[in-house]
Amino acid sequence: MPELTNLTDRISHLRDRKGSSPVVQGGGVPEEPKPSAPKKRRPERKFATDYFMLFVYALLAFALVAQLALIVWLDVI
């Protein structure tokens, strides 16, 4: 028998053997079905106040108003 060099080779060798356990063959131990419990709906979580995003939106609103004001002011003059 050739020398097995690593764990993968050893597992492959065990799978190839006849009469080895079903766990090694990849079948595993069959699990019993668990009774399904009714799922409870969690209340919807609210986001925390994000002060950075409030600042960004305020800055965006100010920039839009300033641009509109400059367009109107330059169009009038």
Side-chain angles (χ1 to χ4, degrees):
M1 180 171 112
E3 183 65 31
L4 302 174
T5 56
N6 58 23
L7 185 60
T8 305
D9 290 339
R10 291 180 190 197
I11 292 173
S12 298
H13 174 72
L14 289 174
R15 283 189 180 142
D16 293 340
R17 286 182 17 188
K18 291 184 179 179
S20 61
S21 82
V23 173
V24 174
Q25 292 294 334
V29 178
E31 295 181 14
E32 295 179 17
K34 297 178 182 177
S36 61
K39 295 183 179 181
K40 296 180 181 177
R41 296 201 95 193
R42 295 182 184 173
E44 187 174 332
R45 293 181 63 186
K46 298 189 180 196
F47 292 111
T49 304
D50 192 358
Y51 293 109
F52 177 73
M53 287 305 296
L54 288 176
F55 173 74
V56 168
Y57 286 137
L59 196 61
L60 179 66
F62 177 76
L64 290 175
V65 168
Q67 283 185 359
L68 187 63
L70 280 173
I71 290 171
V72 169
W73 183 62
L74 288 174
D75 197 34
V76 170
I77 293 180

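Not measured: the values here are computed from a predicted model. Numbers here simply count residues along the sequence, with the first being 1.
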### Task
Please name all residues satisfying side chain to side chain contact (heavy atoms under 4.5 Å, CB included) with Asp50, sequence neighbours left out, ordered by chain then number.
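With sequence neighbours excluded, Asp50 shows a side chain to side chain contact (heavy atoms under 4.5 Å, CB included) to Phe52, Met53, given in chain and number order.
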### Partners passing side chain to side chain contact (heavy atoms under 4.5 Å, CB included) against Tyr51 (at least two apart in sequence or in another chain)
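Thr49, Leu54.
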### Task
Kindly give the cluster partners of Val65, where membership spreads through any ILVMFWY side chain lying under 4.5 Å from a current member.
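Besides Val65, the cluster holds no residue at all.
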### Message
Apply the hydrophobic cluster definition, ILVMFWY joined by side-chain contacts under 4.5 Å directly or through others, and give me every member besides Val72.
### Response
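Members other than Val72 - counting any ILVMFWY side chain reachable under 4.5 Å - are Val76.
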### Message
Nearest 0.5 angstrom please: Leu68 CG to Ile71 CD1, how far?
### Response
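Reported to 0.5 Å precision, the distance equals 6.5 Å.
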